[in-house]
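To start, the structure itself, in structure tokens.
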Amino acid sequence: MKNYDILIIGGGPAGISAALAAAKLNLKIALFEEKDILGGQLVKQTHKFFGSKDESAGTRGIYIAQKLINEINNKDNIDVFLNSMVLGYYEDGVVTALVKEKMEKFKSKKIIIATGAFEKSLPFENNDLPGVFGAGAVQTLMNVYGILPGKEVLMIGSGNIGLIVSYQLAQAGVKVKGIVEISEKIGGYLVHASKVRRLGIPIYTKHTIVKALGDRKVKGAIIENVETKEKREIYCDVICLATGLMPLSDILNQINCKMKYIPELGGYVPVRDENMKTTVENVFVAGDSAGIEEATAAMLEGELAGLYAAYEITNTFDKRINEIKEHLKELRKTSSKVVSGLKKLDLYKDFIVDSQKDLGKLHRTGVPEKEMIENIIPKDSNRFAIMECFQNIPCNPCVSSCPTNAISMDSLNGIPKLDERKCIGCGNCVAVCPGLAIFVVDKKKESVLLPYEFLPLPEKGEMVEIMDREGNFLEKNVVLNVRKMKDKTNLIEIKVSKENINNARHIRVVR
């Protein structure tokens, strides 16, 4: 029998954050992960995170994972058990786990469950054909093992995962035939939607998949407009399902934690208090197993659970506990779905969510109205940044990146505002923006500076095709400058004619 102060089940962002937080108080920590590497979903997330600078905004998930893993490896009081599956928790507080194919027993003063989530499926005809994947599986194949799932993909679901994976597929050279969304609005961040639309990927709102075509493998799909019942056949060799996640709650059920079905949080979740403590004494929860949210929230919840569990052991209260709670509230200020779910757990009772206005065409297609663009173009400047960020989301790295303080926001969830008198068009904000939603226009030079995350990189002097916000060809013109950035969001300055200068948003290298 091995004894620990805190035993953590799950080595993803929440579990790692919990371990690091508790380890600060010199407690003995055991961290269990059934895979052969720590990091969970972070190890396959190649996109930049939203949030504030304090929550690693503007940093890619894979780099956040490596940073956290390095910190874990440098802690002598954290024992990591990889390839180890926790099998059960017993009334006497003993936890059994399969470690290196050997059953072992462990006991701890506190347990934190951070087991994450699993992907939801979707019922439709032939949904068991080879070629039907979950979005997480596609990310794992591409971003962890470097294997393409296919050549032409139809994405089902326009939440953040569906939009992000569609973009990553395009980066890998896969043709994304479209994104299918059953509701009338795009589910994920609209900057992600605009990002894929610039690649020419259509988004079919008010549509659902009704059938996968093929005998032995996927050869296509039939989608249907849920209002008109009009059907459309799309050729593809992969159907990727990004239809949501469900909390992984097996061990919580086995421990007899009180559970509650809350659709807004993904399904059955444990009843817990504001400190992540469940209804079972000494058992805490964090991350997606507590309710489906973004990875930033999972890391904060993990840190909170680790600090509070440590406080109950040492009686040393860390003021960071209250800071985390405030950070979580700020992150959730525009997430009515999550807050609605938390209220059903008797949390956030009087919390008011910032209302999200309907952004019309942008909400339905990922492309902003012409008037929306015209309203943010400075009238009296020759070189300036254009911030096509119209939705309230928790993100502000553009503010701290500006050397002249030309960008401001009323809050973390505000809309960025540009003081054109201060803007020098340096492009720092273009490089750091997680949504790739900022561009620099130079009217005198007749050029546009835009973010570019594809290969091959163009060379200075090379002719490229210039695309608009819907991926339509505008013109061919020359590359004026290429700035290679360490974080792989390279900055490309292109010559653009006067009539297209306000609409040039992407390039295609043709060799």
Side-chain angles (χ1 to χ4, degrees), residues 5-6 8 10-27 29 31 40-42 49-59 61 64-65 67-68 71-72 75 78 110-114 116 265 269-278 282-335 338-339 341-343 345-354 393-397 411-413:
D5 291 306
I6 298 177
I8 300 167
I16 293 176
S17 298
L20 290 171
K24 293 177 183 177
L25 292 169
N26 296 316
L27 298 176
I29 315 296
L31 178 60
Q41 298 299 313
L42 291 176
F49 274 41
F50 291 83
S52 70
K53 190 175 181 181
D54 294 335
E55 276 82 52
S56 302
T59 305
I64 296 172
K67 176 178 177 290
L68 293 175
E71 289 180 23
I72 287 284
K75 295 289 184 182
I78 301 177
K110 306 288 177 183
I111 292 177
I112 299 173
I113 297 171
L265 298 180
V269 297
V271 175
R272 44 88 169 183
D273 65 16
E274 64 175 4
N275 300 307
M276 310 307 296
K277 191 173 183 179
T278 71
N282 300 323
V283 177
F284 293 76
V285 68
D288 282 347
S289 52
I292 306 303
E293 291 190 67
E294 298 295 318
T296 301
M299 288 186 282
L300 286 170
E301 284 186 347
E303 187 182 359
L304 175 58
L307 287 175
Y308 204 84
Y311 161 64
E312 289 196 346
I313 294 172
T314 65
N315 205 33
T316 301
F317 187 84
D318 191 326
K319 66 177 183 179
R320 173 68 179 157
I321 289 172
N322 291 329
E323 291 175 0
I324 293 169
K325 291 176 184 178
E326 291 306 311
H327 278 310
L328 283 168
K329 282 185 177 180
E330 193 66 28
L331 279 175
R332 292 164 174 161
K333 242 183 177 178
T334 55
S335 183
V338 170
V339 171
L342 292 174
K343 285 183 177 180
L345 290 174
D346 291 328
L347 301 168
Y348 285 27
K349 290 181 182 178
D350 301 318
F351 190 73
I352 299 174
V353 179
D354 291 346
I393 55 176
C395 187
N396 67 1
S411 69
L412 177 62
N413 291 282

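If you're wondering where the values come from, they're calculated on a predicted model, not measured in any experiment.
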Between atom [atom1] of [X] and atom [atom2] of [Y], what is the distance when rounded to the nearest 0.5 Å?
| X | Y | atom1 | atom2 | result |
| --- | --- | --- | --- | --- |
| I393 | D354 | CD1 | CG | 13.0 Å |
| S335 | L328 | OG | CG | 11.5 Å |
| I72 | L31 | CD1 | CG | 5.5 Å |
| D346 | D273 | CG | CG | 11.5 Å |
| L412 | H327 | CG | NE2 | 9.5 Å |
| M276 | I321 | CE | CD1 | 13.0 Å |

Next item on the list: Begin with the C-alpha distance, continue with both residues' side-chain angles, and end with the deciding distance and a verdict on side chain to side chain contact (heavy atoms under 4.5 Å, CB included) for I113 and T278.
Entry: CA-CA 10 Å; I113 297 171; T278 71; over 6 Å; no

Exercise: identify the closest heavy-atom pair between [X] and [Y]:
| X | Y | answer |
| --- | --- | --- |
| F49 | S56 | CB-O, 4.0 Å |
| S289 | A114 | OG-CA, 3.7 Å |
| L25 | A310 | CD1-CB, 3.3 Å |
| A309 | I112 | CB-CD1, 4.3 Å |
| G58 | P397 | N-CG, 4.5 Å |
| P13 | G40 | CD-CA, 4.4 Å |

Item checked: Heavy atoms of other groups near K325 NZ, more than 12 under 6.0 Å -> yes

Check whether any side-chain heavy atom of [X] lies under 4.5 Å from a side-chain heavy atom of [Y], and answer yes or no.
| X | Y | result |
| --- | --- | --- |
| I64 | L68 | yes |
| E303 | L20 | no |
| I313 | I6 | yes |
| Y348 | V338 | no |
| L42 | I16 | no |
| K329 | F351 | yes |
| P394 | T334 | yes |
| V285 | E301 | no |

Notebook entry, point to check: Residues two or more places apart in sequence or in another chain: which of them pass side chain to side chain donor-acceptor pair (under 3.5 Å) with K75?
Noted result: none

Notebook entry, point to check: Please, which pairs that meet salt bridge (charged side-chain N to carboxylate O under 4.0 Å, His left out) have at least one residue in residues 285-297, sequence neighbours excluded?
Noted result: E293-R332

Item checked: F284 and Y308 aromatic ring geometry - parallel, tilted or perpendicular at 30°/60° bounds -> tilted

Next item on the list: Ignoring hydrogens and angles, tell me if any N or O in the side chain of N413 forms a donor-acceptor pair with the backbone of E330 under 3.5 Å.
Entry: yes

Note to self: I'd like to check the salt bridge (Lys or Arg N to Asp or Glu O under 4.0 Å) partners of E312; sequence neighbours left out, ordered by chain and number.
What the structure shows: K110, K277

